[in-house]
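Following: one structure in structure tokens, then a few remarks.
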Amino acid sequence: MSGAVRVRIAPSPTGPFHIGTARTALFNLLYARRTGGTYIVRVEDTDTARSTAEHEADILEGLRWLGLEADEGIISAEEERGSRGPYRQSARGARYAEVARQLHAQGLAYHCFCTAAELDAERSAREKAKLPPRYSGRCAGIAADDAARRVAAGEPAALRFRIKPGVVVVDDLVRGRVEIDAEALGGDLVILRADGSPLYHFTVVVDDADMGITHVIRGEDHLSNTPKHILLFQALGVALPKFAHLPLILNPDRTKMSKRKSQTAISDYRAEGFLKEAIVNFLALLGWSTGSEDEILSVEEIQARFDLEHVQKAGAVFDRTRLEWINGQWIRRLANEELLSRLRPFYDLAAADGRLARPARDEEIAALLPLIRERIPLLSSAIELTDFLFMDSLVHDPALLVPKRWDATTTRAALEAARPLIADGIGEGDAPLLDAPDALEGTLRALAEGEGWKAGDLFMALRAAATGRTATPPLFDSMRLLGRATTLARIDQAIATLRAI
RNA sequence: GCCCCUAUCGUCUAGAGGCCUAGGACGCCACCCUUUCAAGGUGGAGAUCACGGGUUCGAAUCCCGUUGGGGGCACCA
């Protein structure tokens with residue numbers, strides 16, 4: 001028996017991979033890494049009505065993507081690692097039945113013959129009397145042989161665990177000592193339904209015991225239920241794990257973060273072009289702090305500093321704006337090849353769904369990187385920012401074509417005057433000159449000066465003509481990337497459009 | 001209704017009795033840079049540390065209460 005730390009994340013595949021699950025998984029992983037412990041993934045799919053293979057796949061893929069893959073437990077639909085499994089609750093039915101039998105044999109659990117209707121009536125009666133919901137314990141006193149006879153006769157019976165009276169102490173690593181009177185636990189707890197299927201509070205304890213979990217790190221929403229777990233651990237005669245309840249992630253209105261009020265699916269954030277580094281960085285700082293003023297941290301840096309002492313006690317609002325800022329920071333930090341490969345799927349998807357007329361080649365994206373890196377808060381932003389380079393045709397909005405201080409006539413004259421200079425100054429498929437001075441810029445500035453135009457207005461007219469947009473990467477680089485023929489054709493098209501006004 | 005947790009700028013937070021006339025970051029505003037948009041730089045507004053009592057020479061920090069917020073109380077997880 002070693003003192004090695006064993007922690008777990010136990011997602012339930014009743015929905016897509018949730019941001020809150022990701023945060024809990026991350027904190028468990030960080031704690032395991034920091035202590036040299038083992039990080040386990042267990043799938044809690046006892047709710048067969050709501051659990052699906054698709055959700056499980058989404059969760060496991062999300063964990064893998066974020067770098068939160070298990071050391072032990074479930075890796076994928078096919079792969080499971082470790083000797084203390086099975087790690088999927090749906091495969092542990094026999095074990096739950098065995099433990100339930102044992103508790104029953106010890107008199108720690110009993111058969112309950114109450115029907116759903118009776119329990120409902122009891123509950124609503126208490127509610128009407130302004131009393132907290134609580135099982136009366138009506139079946140607790142049925143003699144064992146009577147109960148056995150009724151079960152044998154085929155009467156449906158759930159199995160209830162006897163809640164021992166007394167005060168239960170939760171020694172929480174984040175919150176300190178918490179005392180809860182067993183009286184407030186709602187009465188004896190159903191651990192097996194009448195059909196024999198196990199319930200959450202029971203399976204979680206059996207699993208944590210079987211898997212040798214030493215630290216249960218989970219959301220604060222489980223704090224009130226922890227005494228039930230402690231009582232169950234004691235009934236099983238196993239050592240208690242340590243508990244650490246993390247603050248909840250909140251909607252902007254400060255309620256528990258939910259799908260209804262917030263974007264909660266990790267896959268949605270991924271599809272928008274959030275980097276895994278940014279999500280991990282952001283999530284780590286939601287409810288935990290370094291104690292220093294550093295903000296942009298890699299998983300390795302976070303791992304090296306993580307501790308439960310700096311975990312916040314109060315809930316934290318999920319601030320998407322801040323996430324986007326962190327994402328931008330990480331995009332700017334990625335090496336070129338890395339950024340290129342992260343961008344690749346976004347360009348492929350855009351080409352496939354028609355937002356771009358054709359796929360972008362690697363060299364083309366590579367050439368764009370320096371132009372867009374500082375301009376994209378999300379990977380997906382790159383598409384809107386550069387789509388003009390990958391479109392066969394472009395429809396000018398006449399309203400955008402004319403710079404604010406100009407009229408249509410001036411704009412047309414300017415485009416006509418600039419056209420030959422551009423024809424001379426740009427080649428086919430030139431590379432961007434980036435920070436180097438572009439000779440064409442000087443030429444066009446001279447033109448503007450000679451005509452009494454503001455260079456900025458001329459550039460804006462050209463930008464709108466060449467790209468169809470008013471916010472673009474730097475103009476001259478954009479035109480070089482576009483190539484001589486396309487740039488001139490678009491200027492001609494813009495002139496024609498202006499003539500029609 | 002009962003039980004539990006919690007409370008520092010709009011948001012995420014630093015702060016573990018004197019270093020705090022409360023620091024940083026996001027966001028916001030202004031200016032600089034600038035061909036647009038960004039990025040970056042500089043500066044600014046923004047918190048009577050929820051409130052009220054204590055303890056102490058001294059409290060954002062400790063104690064009690066109040067109020068606010070949240071969570072939990074299923075044959076859901």
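Residue numbering restarts at 1 for every chain, and letters A, B, ... go by the order of the sequence lines. Model, not experiment: these values are computed from the prediction.
- In this structure, A:Trp288 and A:Trp325 both approach RNA chain B, and ranking their closest nucleotides by distance from the 5' end singles out A:Trp288.
- Contacts of A:Ile376 with the nucleic acid, taken as non-hydrogen atoms under 4.0 Å apart, are absent.
- When the C1' atom is used for both B:G58 and B:A50, the distance is 23 Å, rounded to whole Å.
- Nucleotide B:A30 has B:U42 as its partner under the Watson-Crick or G-U criteria, with both atom distances under 3.5 Å.
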May I have the step-by-step check of ring pair (Phe, Tyr, Trp, His ring centres under 6.0 Å) for A:Trp288 and A:Phe27, ending in yes or no? CA-CA 9 Å; A:Trp288 173 77; A:Phe27 278 45; 7.3 Å; no

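- Straight-line distance between the P atoms of B:U66 and B:A25: roughly 39 Å, to the nearest whole Å.
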Using the rule given for side-chain hydrogen bond (donor to acceptor under 3.5 Å, both in side chains), can you reason through A:His222 versus A:His245, listing the C-alpha separation, both sets of side-chain angles and the distance that settles it, and then say yes or no? CA-CA 7 Å; A:His222 284 104; A:His245 287 92; 5.9 Å; no

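- Residue A:His310 places at least one side-chain N or O under 4.0 Å from the OP1 or OP2 atom of B:G15.
- Closest approach to the A:Leu475 side chain among B:C5, B:C12, B:U35 is made by B:U35 (side chain taken as heavy atoms from C-beta onward).
- Under the Watson-Crick or G-U wobble criterion, with both distances below 3.5 Å, B:A14 is left unpaired in every strand shown.
- Between the CZ atom of A:Arg218 and the P atom of B:G72 there is a distance of 13 Å, rounded to whole Å.
- Between A:Arg193 and B:A74, a side-chain N or O to OP1/OP2 separation shorter than 4.0 Å is absent.
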Give the C-alpha distance, both sets of side-chain angles, the deciding distance and a yes or no for salt bridge (charged side-chain N to carboxylate O under 4.0 Å, His left out) between A:Glu324 and A:Arg320. CA-CA 6 Å; A:Glu324 285 193 18; A:Arg320 184 194 160 102; 2.9 Å; yes

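- Listed pair A:Gln312 / B:C5 fails the phosphate criterion, with no side-chain N or O lying under 4.0 Å from OP1 or OP2.
- Put simply, A:Arg175 has no side-chain N or O that comes within less than 4.0 Å of OP1 or OP2 on B:C4.
- Following rounding to the nearest Å, A:Leu131 (CG) and B:C3 (C1') show an atom-to-atom distance of 14 Å.
- Per the geometry, CG belonging to A:Leu458 stands 13 Å off P belonging to B:U36, to the nearest Å.
- Closest to the side chain of A:Val317, from the set B:G70, B:U11, B:C76, is B:U11.
- In this structure, A:Arg160 atom CZ and B:A74 atom P are separated by 10 Å, rounded to whole Å.
- Along RNA chain B, the nucleotide nearest to A:Arg463 and the one nearest to A:Ala314 differ in position, and the one closer to the 5' end is contacted by A:Ala314.
- Residue A:Glu295 has its side chain nearest to B:G24 when only B:C26, B:G24, B:U35 are considered.
- Judged by distance alone, with hydrogens and angles left aside, A:Ser224 brings a side-chain donor or acceptor within reach of the base of B:G71, the pair sitting under 3.5 Å.
- Across every strand in view, B:A50 sits in a pair with B:U66 that passes the Watson-Crick or G-U test at under 3.5 angstrom.
- Close to B:U36, at under 4.0 Å from its OP1 or OP2, lies no side-chain N or O of A:Thr470.
- Contact of the A:Arg463 side chain with the A:Arg469 side chain is not registered, since no non-hydrogen atoms from C-beta on lie closer than 4.5 Å.
- For the pair A:Arg373 and A:Asn336, the minimum side-chain heavy-atom distance is below 4.5 Å.
- Checked against B:U36, B:G15, B:A77, the side chain of A:Tyr200 finds its nearest nucleotide in B:A77.
- Using C1' as the reference atom, B:C51 and B:U8 are 15 Å apart when rounded to the nearest Å.
- Closest to the side chain of A:Glu374, out of B:A38, B:G72, B:C4, is B:A38.
- The listed nucleotides are B:G71, B:C37, B:C75; the one nearest the side chain of A:Lys256 is B:G71.
- Taking atom C1' in both B:C2 and B:C9, the straight-line distance is 36 Å, to the nearest Å.
- Comparing B:G10 with B:C49, their P atoms sit 13 Å apart, to the nearest whole Å.
- When the P atom of B:U35 is taken as reference, atom CD of A:Glu449 falls 14 Å away, rounded to whole Å.
- B:C32 and B:G71 are spaced 47 Å apart, taking the P atom of each and rounding to whole Å.
- Comparing the C1' positions of B:G65 and B:C28 gives an interatomic distance of 38 Å, to the nearest angstrom.
- Relative ring orientation between A:Phe476 and A:Phe459 is described as perpendicular, the plane-to-plane angle rising above 60° on a 0-90° scale split at 30° and 60°.
- Between the CG atom of A:Leu385 and the P atom of B:U36 there is a distance of 15 Å, given to the nearest Å.
- Distance from the side chain of A:Asp319 is smallest to B:G10 among B:G10, B:A77, B:C5.
- Side chain of A:Asp477 to main chain of A:Leu433: a donor-acceptor pair is present (N/O by atom type, distance under 3.5 Å, no hydrogens or angles).
- Both distances falling under 3.5 Å, in either a Watson-Crick or a G-U wobble arrangement, occur for no nucleotide opposite B:A22.
- Regarding A:Arg322, its CZ atom lies at a distance of 15 Å from the P atom of B:C9, rounded to whole Å.
- Residue contacts shown for A:Ser292 are absent, as no nucleic acid heavy atom lies under 4.0 Å away.
- A:Arg254 has no side-chain polar atom (N or O) that falls below the 4.0 Å cut-off from OP1 or OP2 of B:U6.
- Rounded to whole Å, atom C1' of B:C37 lies 17 Å from atom CD1 of A:Ile383.
- For A:Phe318 and A:Tyr269, the ring centers are positioned less than 6.0 Å apart.
- Using a 4.0 Å cut-off, no side-chain N or O of A:Lys228 falls inside it from OP1 or OP2 of B:C73.
- The same atom, C1', is picked in B:G54 and in B:C12; the two are 33 Å apart, to the nearest Å.
- The side chain of A:Arg375 sits closest to B:U36 out of B:C75, B:G40, B:U36.
- Note: A:Phe161 and A:Tyr110 fail the aromatic proximity criterion, with ring centroids not under 6.0 Å apart.
- Candidate nucleotides B:C73, B:G23, B:U35 were compared by shortest atom distance to the side chain of A:Glu293, and B:G23 ranks first.
- Residue A:Arg445 has a polar side-chain atom (N or O) positioned under 4.0 Å from OP1 or OP2 of B:U35.
- Contact check, A:Arg123 against B:C75: a side-chain N or O comes under 4.0 Å of OP1 or OP2.
- Taking only side-chain atoms of A:Thr472, from C-beta outward, the nucleotide of B:U6, B:U36, B:G72 with the closest atom is B:U36.
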